[in-house]
Every structure is written in structure tokens, then in C-alpha cells.
Amino acid sequence: MATVVAIVAFGAASEPLRAKGNNQCAGLPTYSELKEKLIEASFNTTYTGTNRGFGNNMWATIVNRDGIVCAVAFTGIDRGAQWPGSRVISAQKANTANAFTLSTLALSTASLYPLVQPGGSLFGLQESNPVATDVAYKGPSSAYGLANDPMVGSKIGGVNVFGGGLGLYANGSGVIGGLGVSGDTSCTDHNIAWTIRQLLGLNHTPSAGADNISYPPHPLCLGGETPRSGQ
């Protein structure tokens with residue numbers, strides 16, 4: 001518990017970049033808000049129960065409606081405490097959910113999974129919209145996952161088609177961006193993203209539960225995870 005309190009305090013001390021000064025992330029959570037809810041959704045047993053996969057530390061990214069990165073955060077004590085590769089994967093998931101979500105149609109990355117399999121109606125989608133590598137891997141690495149993460153303020157691109165990406169829906173405003181979570185099994189990633197969206201109050205999808213994960217067609221991961229309920 002002391003570690004979590006310290007992490008939250010660290011996040012708050014780093015306070016927000018809402019997209020480098022030109023208000024392009026207005027209406028979306030700040031860095032400290034994302035970090036606080038990521039920690040809560042990842043480790044509060046009221047939400048997680050048996051839905052915790054490996055129990056790893058996590059990454060999360062928020063993008064705006066244009067795919068510009070607004071915030072990147074992690075739960076661990078430093079950037080090496082969670083899978084380094086999951087930083088960019090979380091951004092891909094956020095971009096994917098935003099890019100293929102409408103105010104009238106909510107599609108999570110988990111719900112895209114069956115559509116991109118051979119013979120599916122969106123087969124090949126995962127090869128489109130490549131990640132902007134100059135944005136994804138820009139330095140300094142010491143800022144990764146902090147308020148001034150080098151991805152913030154730039155378009156990340158990328159398509160990812162397994163659980164962990166959700167559209168963000170403000171009440172009365174429709175879809176306003178995307179959230180991506182990565183660092184554990186894809187089922188856990190989805191469940192944590194689902195909870196974060198609820199905690200942020202950005203879960204006003206056009207049809208409650210429509211973009212939740214379902215088994216099958218999404219793989220069951222470790223077998224203990226079940227979809228988070230409610231909206």
C-alpha cells in the first residue's frame with residue numbers, strides 16, 4: 001500500500017501535459033488522472049478479483065480523436081518495472097480503438113480480433129496504419145511513462161487487434177478518443193482498460209456492454225479471467 005501511495009504522489013508531482021499547450025487534449029484525463037486510475041484498476045481487488053492474469057505492472061496511453069497522444073503512464077516504481085515493449089503496444093491499442101470507433105458504434109480491440117482472422121471481413125487490418133517509429137522510440141528514455149513522455153503531443157499510429165483498447169465516450173459528446181492498456185495477458189489488459197474507463201466516467205458508449213470482451217471469439221488467455229460487468 002505504501003508503494004502505491006508513493007507512486008500516486010510521484011504521478012501527481014509530475015502534473016499534466018494536456019498535449020503541449022495547444023488544448024488538443026481538452027476534455028481528456030490528465031497524466032496524473034490516468035496514472036491514478038491505472039493503479040486503482042490494476043491492483044484494487046474489488047475490481048480485479050481473479051481477473052489479474054500474471055499480476056504484472058501495466059502501461060496505459062490515451063489519445064485524442066485525431067490520434068494524438070495525450071498521456072502515457074505506468075504503475076511500477078520505474079519504467080523497467082513493466083514490460084518495456086508494452087509502452088508502445090498500449091499506444092497502438094489506444095490508437096486502434098479510437099480509429100475504428102464511432103459515436104454510433106463502439107469497437108474494442110478485443111472485438112476486432114475475430115474480424116481480422118483469415119476469412120474475416122477485416123482481414124489485413126492489422127497491417128494498415130503502421131506505428132510512427134520516430135514518435136514511438138523518440139528519446140529520452142528516462143521520460144517514458146512520465147508527464148513529458150516523448151510520445152505526448154504527436155500522432156502514434158499503429159493497429160493492435162487483441163484486448164486492451166477501448167474508445168472513450170463522454171456523456172452527451174460521443175467518442176472523444178481512445179484508451180490502451182498493456183502489460184499482462186490480453187484479457188487482463190481489456191479488463192483493466194474497462195475498469196479505467198468506468199472510473200474516469202468516459203464509458204457512455206452508444207450501447208452498454210457492446211464493446212466488452214467475449215470468449216470465444218477472443219482467446220481465453222490464462223482461463224481465469226472473465227469479462228468485467230457493468231458500464
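Computed from a prediction, not measured in an experiment: that's the story for all the values here.
- Taking CD1 of Ile89 as the reference point, atom OG1 of Thr96 lies at 11.0 Å (rounded to 0.5 Å).
- Listed for the Arg197 side chain is no donor-acceptor partner under 3.5 Å among the backbone atoms of Leu168.
- The backbone N or O of Gln24 sits less than 3.5 Å from a side-chain atom of Asn64, completing a donor-acceptor pair.
- With contacts defined as side-chain heavy-atom distances shorter than 4.5 Å, the pair Tyr169/Leu202 does not qualify.
- With hydrophobic clusters built from ILVMFWY side chains whose heavy atoms lie under 4.5 angstrom apart, Phe100 shares a cluster with Leu102.
- With hydrophobic clusters built from ILVMFWY side chains whose heavy atoms lie under 4.5 angstrom apart, Ile176 shares a cluster with Leu34.
- A side-chain donor-acceptor contact under 3.5 Å links Ser128 to the backbone of Leu125.
- Atoms CG and NZ, from Asn129 and Lys155 in turn, are 11.0 Å apart once rounded to the nearest 0.5 Å.
- Using a 4.5 Å heavy-atom threshold, the side chains of Val63 and Val69 count as touching.
- Looking only at distances, a side-chain donor or acceptor of Arg87 sits under 3.5 Å from a matching main-chain atom of Ala136.
- In this structure, the side chains of Pro206 and Ser103 stay at 4.5 Å or more apart for every pair of heavy atoms.
- In this structure, the separation between NE2 on His190 and OG on Ser111 is 8.5 Å, given to the nearest 0.5 Å.
- Counting heavy atoms from C-beta on, the side chains of Phe162 and Lys93 come closer than 4.5 Å.
- Taking each heavy atom of Ala106 and Thr101 in turn, the nearest pair found is CA-CG2, 4.2 Å.
- Under a hydrophobic-cluster definition in which Ile, Leu, Val, Met, Phe, Trp and Tyr are linked whenever side-chain heavy atoms come within less than 4.5 Å, directly or via other members, Leu146 and Val88 are assigned to the same cluster.
- Seen from the ring of Tyr47, Arg52 does not count as a face-on cation partner, given the 6.0 Å and 45° thresholds.
- Between Cys221 atom SG and Asp184 atom CG the span is 9.0 Å, to the nearest 0.5 Å.
- Considering every non-hydrogen atom in both Asn95 and Ile156, the closest pair reads CB-CG2, 4.1 Å.
- Atom SG of residue Cys70 and atom CG of residue Asp149 lie 12.0 Å apart, to the nearest 0.5 angstrom.
- Side-chain contact between Tyr113 and Ile213: absent, with no pair of heavy atoms (C-beta onward) separated by less than 4.5 Å.
- With a 4.5 Å cut-off on side-chain heavy atoms, Phe54 and Leu222 count as touching.
- In this structure, the separation between CG on Asp189 and CG on Asn160 is 9.0 Å, given to the nearest 0.5 Å.
- Residues Ser90 and Ser182 bring no donor and acceptor atom of their side chains to less than 3.5 Å of each other.
- Linking ILVMFWY side-chain heavy atoms closer than 4.5 Å, directly or via other members, places Leu105 and Leu122 in a single hydrophobic cluster.
- Taking all atoms of both residues into account, the shortest heavy-atom contact from Arg228 to Gln198 is NH2-OE1, 3.6 Å.
- When all heavy atoms of Pro150 and Tyr144 are compared, the closest pair comes out as CD-CD1, 3.8 Å.
- Heavy atoms only, all atoms of each residue included: Gly209 and Trp194 are closest at CA-CH2, 3.9 Å.
- Residues Met151 and Val135 are in side-chain contact: their nearest non-hydrogen atoms beyond the backbone lie under 4.5 Å apart.
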Given the rule in the side-chain contact (heavy atoms from CB on, under 4.5 Å) test, do Met58 and Phe43 qualify, once you have shown the distances and angles that lead to the verdict?
-> CA-CA 10 Å; Met58 307 297 293; Phe43 298 111; 5.5 Å; no
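- In the displayed structure, Tyr137 atom OH is contacted under 6.0 Å by at most 12 heavy atoms of other residues, nucleotides or ligands.
- Using a 4.5 Å heavy-atom threshold, the side chains of Phe74 and Asn57 count as separate.
- Judged by distance alone, the side chain of Asn191 and the main-chain N or O of Thr226 form a donor-acceptor pair under 3.5 Å.
- Leu199 and Ile62 fall into different hydrophobic clusters, where Ile, Leu, Val, Met, Phe, Trp and Tyr side chains are chained together by heavy-atom contacts under 4.5 Å.
- Pairing each heavy atom of Thr109 with each of Gly165, the nearest pair is OG1-N, 2.8 Å.
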